[in-house]
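In this text, all values refer to a predicted model and were calculated from it rather than measured experimentally. Every chain is numbered from 1 and lettered A, B, ... according to where its sequence line falls, protein lines coming before strand lines. Note that these values count all heavy atoms, side chains included, but never hydrogens, waters or copies made by symmetry.
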There are 2 protein chains.
Amino acid sequence: MYLLLFGNITKIMSQGLHLVEEFLKSVDKVKHAYKQMILKVIRESGVDITYEMLEVMRILWNGDGVNQQVLANATLKDKVSLTYLIDHLTKRNWVIRVAGKEDRRSKLIYLTEEGKSLELIFKPHMESINLSVLNQVPPKEMESAIHLLDKVSKEWT
Amino acid sequence: MYLLLFGNITKIMSQGLHLVEEFLKSVDKVKHAYKQMILKVIRESGVDITYEMLEVMRILWNGDGVNQQVLANATLKDKVSLTYLIDHLTKRNWVIRVAGKEDRRSKLIYLTEEGKSLELIFKPHMESINLSVLNQVPPKEMESAIHLLDKVSKEWT
DNA sequence: AGAAAAAGGTTAAATATTTAACAAATGTAC
DNA sequence: GTACATTTGTTAAATATTTAACCTTTTTCT
């Protein structure tokens with residue numbers, strides 16, 4: 001009886017493991033496919049920018065004048081990586097660092113005119129890519145998926 | 001009339017865009033949270049391995065003797081990255097490259113005894129992490145999410 | 001008030017990814 | 001059978017991430 005029960009438990013665990021592995025694989029595939037789409041847009045634009053730099057610029061186009069740690073959190077990057085990326089964006093004259101007045105440790109990141117103008121190039125493509133998904137997935141289903149994904153990441157945080 | 005209609009369309013588009021951005025953000029958060037869990041396991045193990053190397057080893061523990069391109073596809077990595085990772089796994093004596101007989105361009109990757117033994121260290125932790133999610137998400141919901149994620153990545157491929 | 005902890009940011013070194021280019025081998029077209 | 005296209009894998013260079021350590025500033029604790 002116990003052996004039968006134990007057998008059943010290991011079978012259910014095995015199926016559960018497989019399900020979660022498949023889920024993670026599907027998450028990876030979404031991320032990978034999206035990144036390839038964006039890399040294609042970058043390649044076709046001829047602009048000397050990387051996917052990671054574009055991720056940072058995207059946050060800044062929605063509102064600049066934020067400090068590096070806030071930017072790191074918004075892009076899920078470590079502050080070390082963020083420092084590095086800001087260095088490169090500064091070199092390309094797309095952003096500037098401005099010392100914070102309230103907190104002298106803090107550096108605020110602002111867009112330059114050139115940095116702002118890049119939005120005109122990339123935003124339409126990025127929005128088009130994002131909207132294309134809605135051909136396949138109704139908003140209600142997407143909302144459910146978001147809810148589930150958030151439950152998963154919450155469990156692992 | 002047309003202006004009213006147009007106004008509605010732009011409002012729906014705007015909401016759709018926001019929904020997809022939120023979805024992508026949630027996908028990123030899942031991946032990021034998972035990676036941090038794994039990095040913690042690596043740190044606590046004391047083994048000199050990286051997250052990316054572990055991803056490759058995980059595929060090999062399920063079946064070695066595959067060529068590099070197959071391994072690259074399975075891990076969603078570019079062949080250049082895969083070459084680099086195999087170099088490092090080889091240096092650490094966890095895998096070996098064996099020239100293919102059927103196709104002389106091909107190199108098959110096999111685990112060494114030491115490489116196999118790493119499975120005993122990492123697999124239990126990785127399975128525990130994966131199973132922990134099932135506390136929050138019923139299998140049926142996870143299956144639905146997988147289905148949606150696959151529809152999204154298919155649209156972008 | 002002063003010490004300790006934490007936060008914001010930087011630098012160094014090792015590893016990973018991307019782009020570009022190349023070489024050898026195999027597959028396809030004619 | 002030969003030319004061309006594609007595949008498999010490697011190397012080089014630039015960029016990105018991770019770990020570790022450090023410095024300055026602010027916050028918290030006693």
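Here chain B contacts DNA chain C (any atom closer than 4.0 Å to a heavy atom, that is under 4.0 Å), and the contacts span C/dT15 to C/dT26 from 5' to 3'.
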Steps toward side chain to side chain contact (heavy atoms under 4.5 Å, CB included) verdict (B/Leu118, B/Ile121): CA-CA 5 Å; B/Leu118 284 178; B/Ile121 298 176; 4.0 Å; yes
Trace of the side chain to side chain contact (heavy atoms under 4.5 Å, CB included) decision for A/Val95 with A/Met57: CA-CA 9 Å; A/Val95 308; A/Met57 293 300 282; 4.0 Å; yes
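Looking at B/Lys25 and B/Glu22, no side-chain N of the basic residue comes within less than 4.0 Å of a carboxylate O on the acidic one, giving no salt bridge. Using a 4.0 Å cut-off between a side-chain N of Lys or Arg and a carboxylate O of Asp or Glu, A/Lys35 and A/Glu52 qualify as a salt bridge. Between B/Lys116 and B/Glu119 there is no salt bridge, since none of the side-chain N atoms of the basic residue sits less than 4.0 Å from a carboxylate O of the acidic one. Salt bridge annotation for B/Arg97-B/Asp87: present, with a cationic side-chain nitrogen under 4.0 angstrom from a carboxylate oxygen.
Mapping B/Arg92 and B/Asp78 onto DNA chain C by nearest heavy atom places B/Arg92 closer to the 5' end of the strand.
Rounded to 10 degrees, the angle between the two end axes of the helix from C/dA1-D/dT30 to C/dC30-D/dG1 is 40°, with five pairs used at each end.
Atom NZ of B/Lys154 has 12 or fewer heavy atoms from other residues, nucleotides or ligands within 6.0 Å. Residue B/Lys123 places its NZ atom among more than 12 non-hydrogen atoms of other residues, nucleotides or ligands, all under 6.0 Å distant.
Following chains of ILVMFWY side-chain contacts shorter than 4.5 Å, one can reach A/Tyr51 starting from A/Val30, so the two form part of one hydrophobic cluster.
A donor-acceptor pair shorter than 3.5 Å cannot be found between the side chains of B/Thr112 and B/Asn93.
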When every nucleotide of nucleotides 2-10 of chain D is labelled 5' to 3' by its protein contacts under 4.0 Å (heavy atoms), B for base, S for sugar-phosphate only, - for none, what sequence of letters results? -----BBBB
Show me the donor-acceptor pairs within less than 3.5 Å that the side chains of residues 141-148 of chain B make with the rest of the protein, sequence neighbours left out.
unit_1, atom_1, unit_2, atom_2, d
B/Ser144, OG, B/Lys140, O, 3.3

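Judged as a ring-ring contact (aromatic ring centres under 6.0 Å, His included), and not counting sequence neighbours, the contacts of A/Trp156 are B/Tyr34.
Listed by residue number, the members of residues 27-52 of chain A with any heavy atom below 4.0 angstrom from DNA chain D are A/Thr50, A/Glu52.
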